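A short write-up of the structure that comes next.
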Amino acid sequence: MEIPKSYNPKEAEATHYQTWEANNCFAPEINENPNAKPFSIVIPPPNVTGSLHIGHALQHTLMDVLTRWKRMLGYRTLFLVGVDHAGISTQLMVTRQLKKDEHKMPPDIGREAFVEKVWAWKNRYGDTITNQIRREGLSVDWSRERFTMDESLSKAVREVFVRLYEEGWIYRGKRIVNWCPKDKTVLSDLEVKEETKKDGKLFYLNYPVKDSDVKLTVATTRPETMLGDAAVAVNPDDERYRDLIGKTIELPLTGREIPIIADEYVDTNFGTGAVKITPAHDPNDYEIGLRHDLPQISVMNQDATMNAEAGAEFEGLERYKAREKVVEKFEELGLLEKIDDYEMVLPVCERCKTVVEPFLSEQWFVKMSEMRDLALDLMRTEESPHFYPRVPHEKVYTVWLENLKDWTISRQLWWGHQIPAWYDEAGNIYVARTKEAAMEQAKTAKLMQDADVLDTWFSSALWAFSTLGWDGETTETEDLKLFYPTDVLVTGRDIIFLWVSRMVMSGLKFTGEKPFKDVIIHGTVLDKNGQRMSKTKGNGVDPLDVFDKYGVDATRITLAGSSTGVDFAWRDEKVESFRNFANKIWNATRFCLMNSEGAKVDAASLTNAESLNDRWIISRLNKTTFALNKALATYQFHEAVQILYHFFWDDFCDWYIELVKDEITSDTVNTKRDAARTRILTILEQALRLLHPFMPFLTEELWQKLPEVSSKLHNDAYQNAPQTIMLADFPTGDAALTDERAESEMQIVIELISKVRNIRAEMNIKPGDKPAIHVAANIDLQKIFQSNEAQILKLARAEKLQIAESLDVPKASAKAVLTGGAEIALPLEGLIDFAKEGERLKNQFEKLNVEGERLNGQLSNRSFVEKAPEEKVSDLRARIAEINLQKRALEQNLDALL
RNA sequence: AGUCAGUUAGCUCAGUGGUAGAGCACUACCUUGACACGGUAGGGGUCAACAGUUCAAAUCUGUUACUGACUACCA
């Protein structure tokens with residue numbers, strides 16, 4: 001078989017995914033075991049407008065590793081995929097295109113036509129993200145793909161809305177909300193981000209007190225809102241203003257008179273200690289307004305221009321123009337005290353970055369107190385969901401819930417789930433599942449549906465069960481029974497509040513069960529300088545570029561191997577090293593295949609091993625298998641990757657292949673050679689299975705090349721499926737095959753070879769020169785060295801191995817001491833540099849000496865001997881004995897040199 | 001302002017009480033029939049500082065410094 005010298009990911013990535021998908025390998029139905037335990041994950045639905053970024057690649061890899069692992073273990077696995085309609089971002093994107101292509105705005109074409117355009121857009125571009133998911137190799141079940149605006153999911157949304165309304169948990173009301181003047185919609189608290197403005201100003205305005213010469217100075221960052229002032233507030237304990245409480249202000253520019261009131265809210269140390277109160281344009285002022293029964297004077301329109309209430313002079317002015325004009329007027333009136341520079345933090349719209357205006361408006365809200373308690377009770381009673389890592393997320397989640405405010409769910413958009421509420425001509429509200437039902441309630445057909453749609457996260461909150469068939473009417477399906485609650489949710493920190501908490505609350509409320517058992521919160525991928533990636537900085541890493549450059553598998557295992565729950569800096573060098581790892585796997589397999597005549601994959605070859613190196617590698621393989629399964633079971637992805645990397649590269653390639661190379665490449669055809677070839681092939685095949693969840697393409701490509709692989713190697717649940725490594729039985733380890741004795745015996749052989757190599761390097765022995773190795777050792781060690789003579793000679797590049805009870809070598813020899821007191825010597829007449837050899841031995845002696853002194857110090861500490869566990873003390877004694885033994889030998893060697 | 005996290009080899013990061021680890025980078029040697037995307041042998045860290053608990057601290061506690069994240073407020 002002709003195999004290229006290096007792995008080309010493109011070929012493997014081009015074919016296998018299609019085969020897997022075409023053979024329905026991803027669907028749970030591939031599992032033929034009726035008693036198989038279920039395992040399910042739902043993907044956090046990416047935005048339909050979106051394209052893959054490196055954070056997705058990380059999150060998706062972790063989910064796919066778990067899914068492939070469980071599938072190979074024989075679980076009935078469902079990895080459910082789908083996309084989110086992403087209300088605001090999609091609407092913005094289509095609006096932008098409409099503007100560009102037709103120079104029109106949505107109102108120009110009307111709601112119906114606009115929504116049609118969004119659907120067309122979705123159908124045209126919506127598969128960008130899903131094709132990218134295929135590229136990543138995700139083993140998701142495409143037959144169950146969902147979209148948040150599918151009819152069934154939309155029905156679930158209406159159902160939930162109606163039920164919550166009927167219970168009084170959804171209400172409509174006039175509140176101060178976060179208003180985006182550009183998108184002209186309300187935003188929830190979580191959709192508002194902060195932006196620091198360094199060149200902000202704090203304006204000090206003088207308000208004349210009626211019937212006096214006194215002026216009260218108030219400070220504000222938004223002078224234009226003074227047009228809507230309803231009062232000035234001071235702290236009741238503030239001596240400076242005590243006399244003024246109850247008096248009246250003649251509010252400049254408006255001709256209105258407003259009271260001076262006392263309220264504890266006012267901080268006497270900030271600004272002037274007197275605060276202008278604008279109930280319609282500030283959330284705190286709104287609260288104060290309610291307490292003091294102040295009028296709510298709204299002076300702005302929805303686009304943040306001033307309205308008629310602001311007065312004729314200001315009406316129609318944009319908010320910042322109005323600000324300038326107000327300041328000008330105050331200056332003209334001699335009422336502008338001063339302007340200070342002031343660094344401030346502004347709330348901005350998460351999507352369009354426009355400064356959000358606190359705005360008095362009528363909206364729909366979900367009352368969170370009861371919903372919140374459901375989630376808090378779950379945490380209290382079951383400590384669920386279990387966060388990985390638990391610190392800090394469990395606490396952050398809990399504290400957030402405890403302080404949760406009501407959720408604004410209406411959005412002034414057209415793209416999304418339209419609110420199932422209707423109004424009659426008198427303005428009465430009818431909330432119902434359908435228009436017909438609403439008409440029945442209203443006893444009239446003259447109804448107008450609420451124009452608003454629901455927050456995108458309202459439908460996302462139902463994702464874990466609406467995708468499995470729950471629509472309010474149907475509440476039990478096969479999928480729900482099998483796959484709900486899901487096993488684990490994998491997601492980023494930023495949506496714990498937006499999504500995780502809301503899924504928990506709605507899951508508990510509507511299914512009576514939590515939506516998932518575990519929540520894995522992965523870290524953020526930062527750029528190579530440790531900075532957050534962002535479009536404006538242009539420092540993002542495009543996973544598709546990385547795939548092209550290094551291959552999908554290398555990228556996947558890099559991401560998994562970096563994942564410990566904390567943020568990490570992206571480095572191309574890391575992927576490069578895993579690209580090299582992929583190549584190493586490729587070439588190890590290439591070696592086995594080049595010598596595979598007469599061999600096949602045969603599990604029996606793992607149980608009938610006799611030689612030390614075979615028993616050793618089989619023991620290593622089993623320990624690796626145990627450790628890997630354990631690491632995955634606790635979501636320790638970094639650990640899992642380390643385990644695999646170390647086993648494959650160090651144990652299998654650097655030692656095992658080299659140890660058995662001669663035997664395997666022998667020209668002599670015999671059963672011994674066949675057995676050795678079968679064994680290495682079998683071990684390799686097991687290793688490929690262990691690697692498969694991380695590196696699906698490479699392992700499939702290689703596995704299919706192995707002689708006589710078939711679906712017989714599949715897990716029992718997949719015996720009839722077309723042969724693929726993704727359905728192979730995942731090794732779980734066999735305790736009978738771990739062999740501590742083989743491992744420690746091999747360790748001493750490795751030590752011997754390494755020490756000889758060290759001497760060779762230090763003494764500059766040419767690779768072609770083959771010295772003799774003299775070994776002095778006890779009977780047990782003699783046997784071990786004797787039976788591994790061929791391997792020792794080959795790997796140490798030596799001529800012969802002279803084993804005796806004591807050393808008898810010429811003075812011109814380089815020596816070393818092994819664990820257990822064995823000694824080695826290489827006669828190097830004419831090659832040895834005595835000064836260098838003396839230096840080398842002294843260095844080793846010194847190292848041992850330092851360690852010995854430290855340990856002796858510890859041992860002479862009486863309290864250590866008394867209080868430390870016996871085992872630790874005896875370990876220490878043994879180590880000291882070992883050190884003394886080696887030191888004595890080194891001393892003798894040094895003496896012999898002089 | 002509050003809460004939390006981090007500070008370990010030149011770089012990126014593992015490591016939760018018992019002799020400091022990996023990858024990359026670095027040095028020397030090596031085209032040894034799987035692989036130079038390779039092999040062999042090396043060098044390199046008083047685990048941020050200080051104090052405490054302990055027979056024993058990178059690991060537990062406290063304080064400080066720096067970095068970062070989140071939450072709230074900001075007239």
Side-chain angles (χ1 to χ4, degrees), chain A residues 3 5-7 189 200 202-205 218-222 225 232-233 265-267 270-278 282 284-285 342-346 389 391-393 395-396 399-400 403 493-494 496-497 524 526 528 530 532 550 554 558 561-562 564 566-574 576-595 636 638-639 641-642 645-646 653-654 657-658 661 665 753-754 757-762 764-768 794-795 797 851 854-855 858 861-869 871-873 875-876 879 883:
Chain A
I3 303 169
K5 275 174 87 163
S6 63
Y7 171 53
D189 292 345
L202 188 59
F203 302 87
Y204 290 78
L205 309 177
V218 298
T220 178
T221 54
R222 297 186 294 152
T225 60
V232 170
Y265 163 77
V266 179
D267 177 356
F270 191 89
T272 61
V275 188
K276 59 188 271 315
I277 301 299
T278 323
D282 183 277
N284 294 306
D285 293 7
Y342 183 66
E343 183 179 322
M344 55 188 181
V345 180
L346 293 174
V391 176
H393 301 114
K395 190 178 169 191
V396 170
V399 169
W400 183 80
N403 298 305
R493 194 165 38 232
D494 49 334
I496 295 178
F497 306 146
T524 309
L526 307 170
K528 64 180 189 320
R532 284 186 92 92
Y550 300 105
T558 303
S562 303
T564 57
V566 299
D567 298 352
F568 61 94
W570 178 263
R571 314 223 108 222
D572 271 1
E573 295 94 311
K574 266 194 251 181
E576 208 173 304
S577 80
F578 281 106
R579 188 266 322 261
N580 296 350
F581 182 50
N583 198 52
K584 191 77 179 175
I585 298 166
W586 176 267
N587 275 293
T589 309
R590 180 166 176 260
F591 170 76
C592 292
L593 290 173
M594 284 164 75
N595 300 287
Q636 297 182 71
H638 170 83
E639 181 71 11
V641 171
Q642 292 302 310
Y645 190 94
H646 170 72
C653 292
D654 286 350
I657 289 184
E658 297 305 329
K661 191 172 259 179
T665 58
I753 294 168
S754 298
R757 284 167 168 175
N758 175 271
I759 291 170
R760 295 187 65 112
E762 300 273 331
N764 296 317
I765 311 297
K766 293 199 182 73
K794 179 175 160 65
L795 298 189
R797 304 183 73 76
E851 191 189 346
R854 192 168 43 83
L855 297 186
Q858 210 176 329
N861 181 345
R862 257 233 313 278
S863 22
F864 169 73
V865 182
E866 282 166 12
K867 295 187 181 172
E871 192 198 331
K872 296 290 172 199
V873 179
D875 280 358
L876 189 74
R879 180 63 191 154
I883 288 170

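What you see is a predicted model, and the numbers here were worked out from it, not measured in a lab. Lettering of chains follows the sequences in order, A, B, ..., and the numbering in each one begins at 1.
- Picking from A41(B), C55(B), G18(B) the nucleotide with the shortest atom distance to the side chain of S863(A) gives C55(B).
- The side chain of Q858(A) approaches G18(B) more closely than any other nucleotide in the set C35(B), C13(B), G18(B).
- With F591(A) as the aromatic partner, K661(A) meets the cation-pi criteria of under 6.0 angstrom to the ring centre and within 45 degrees of the ring axis.
- Straight-line distance from the CD atom of E658(A) to the C1' atom of G39(B): 8 Å, rounded to whole Å.
- Of the candidates C55(B), C30(B), A34(B), the closest approach to any side-chain atom of P767(A) belongs to C30(B).
- Closest heavy-atom contact between A569(A) and K574(A): O-NZ, 3.3 Å.
- Following rounding to the nearest Å, F578(A) (CZ) and G23(B) (P) show an atom-to-atom distance of 10 Å.
- Taking atom CZ on F864(A) and atom P on U19(B), their separation rounds to 11 Å, with Å as the unit.
- In this structure, the nucleotide among C4(B), U71(B), G18(B) sitting nearest to the side chain of F497(A) is U71(B).
- Taking CZ from R757(A) and CZ from R797(A), the interatomic distance works out to 9.5 Å, rounded to the nearest 0.5 Å.
- At a threshold of 4.0 angstrom between heavy atoms, the contacts of R222(A) with the nucleic acid are absent.
- The D654(A) side chain lies nearest to U40(B) when the options are C37(B), C55(B), U40(B).
- Residue order along RNA chain B, read from the 5' end via each residue's closest nucleotide, puts K395(A) first among K395(A) and F591(A).
- For N580(A), a side-chain nitrogen or oxygen approaches OP1 or OP2 of G38(B) to under 4.0 Å.
- Within 4.0 Å of Y265(A), counting heavy atoms only, lie sugar-phosphate atoms of the nucleic acid but no base atom.
- Residue contacts shown for K584(A) include a base, since a base heavy atom lies under 4.0 Å away.
- Using a 4.0 Å heavy-atom criterion, one finds that T221(A) contacts the sugar-phosphate atoms exclusively.
- Rounded to an integer number of Å, the gap from Q642(A) CD to A22(B) P is 10 Å.
- Under 3.5 Å, the side chain of R579(A) and the base of C37(B) form at least one donor-acceptor pair of N or O atoms.
- With rounding to the nearest 0.5 Å, the separation of CG in D875(A) from CG in L855(A) is 11.0 Å.
- Side chain of H638(A), nearest nucleotide from C55(B), C13(B), A34(B): C13(B).
- The residue R571(A) sits close only to the backbone: its heavy atoms come under 4.0 Å of sugar-phosphate atoms, none of a base.
- From M344(A), atom CE reaches atom CG of L202(A) across 8.5 Å, with rounding to the nearest 0.5 Å.
- Among the protein residues, V266(A) comes within range of the nucleic acid bases, having at least one heavy atom under 4.0 Å from a base atom.
- Rounded to an integer number of Å, the gap from CD of E851(A) to C1' of A20(B) is 13 Å.
- C653(A) comes within contact range of at least one nucleobase, with a heavy-atom separation under 4.0 Å.
- Rounding to whole angstrom units, NE2 of residue H393(A) and P of C70(B) are separated by 11 Å.
- For K661(A), the listed nucleotide lying nearest its side chain is A34(B); candidates were A34(B), U32(B), C55(B).
- Within the 4.0 angstrom heavy-atom criterion, no nucleotide atom of any strand lies near T589(A).
- Close to A41(B), at under 4.0 Å from its OP1 or OP2, lies a side-chain N or O of S754(A).
- Using a 4.0 Å heavy-atom distance criterion, K766(A) is classed as making no nucleic acid contact.
- Using a 4.0 Å cut-off, some side-chain N or O of T564(A) falls inside it from OP1 or OP2 of A14(B).
- The side chain of K5(A) places an N or O atom within less than 4.0 Å of a non-bridging phosphate oxygen (OP1 or OP2) of C35(B).
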Quiz prompt | side chain to side chain contact (heavy atoms under 4.5 Å, CB included) between F568(A) and H638(A), intermediate numbers included | solution = CA-CA 12 Å; F568(A) 61 94; H638(A) 170 83; over 6 Å; no
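- For the side chain to side chain donor-acceptor pair (under 3.5 Å) with K276(A), the lone residue among D282(A), D285(A), T225(A) that qualifies is T225(A).
- Within the structure, every side-chain polar atom (N or O) of N764(A) is placed at least 4.0 Å from both OP1 and OP2 of A28(B).
- Proximity of K528(A) to the phosphate of U12(B): no side-chain N or O atom is located under 4.0 Å from OP1 or OP2.
- Across all strands shown, A569(A) has heavy atoms under 4.0 Å from sugar-phosphate atoms exclusively, and none from any base.
- Comparing atom distances between the P392(A) side chain and each of C4(B), A34(B), C37(B) picks out C4(B) as nearest.
- Below 30°, between 30° and 60°, or above 60°: for W586(A) and Y7(A) the angle between ring planes is between 30° and 60°, a tilted geometry.
- Taking atom CG of N758(A) as the reference point, atom C1' of A28(B) lies 13 Å away to the nearest angstrom.
- Computed from coordinates, the K574(A) NZ to A25(B) P distance equals 15 Å when rounded to whole Å.
- Comparing S562(A) and A233(A) along RNA chain B, the residue whose closest nucleotide (by nearest heavy atom) sits nearer the 5' end is S562(A).
- Looking at heavy-atom distances under 4.0 Å, L855(A) makes no contact with the nucleic acid at all.
- Side chain of A868(A), nearest nucleotide from C24(B), A41(B), G18(B): G18(B).
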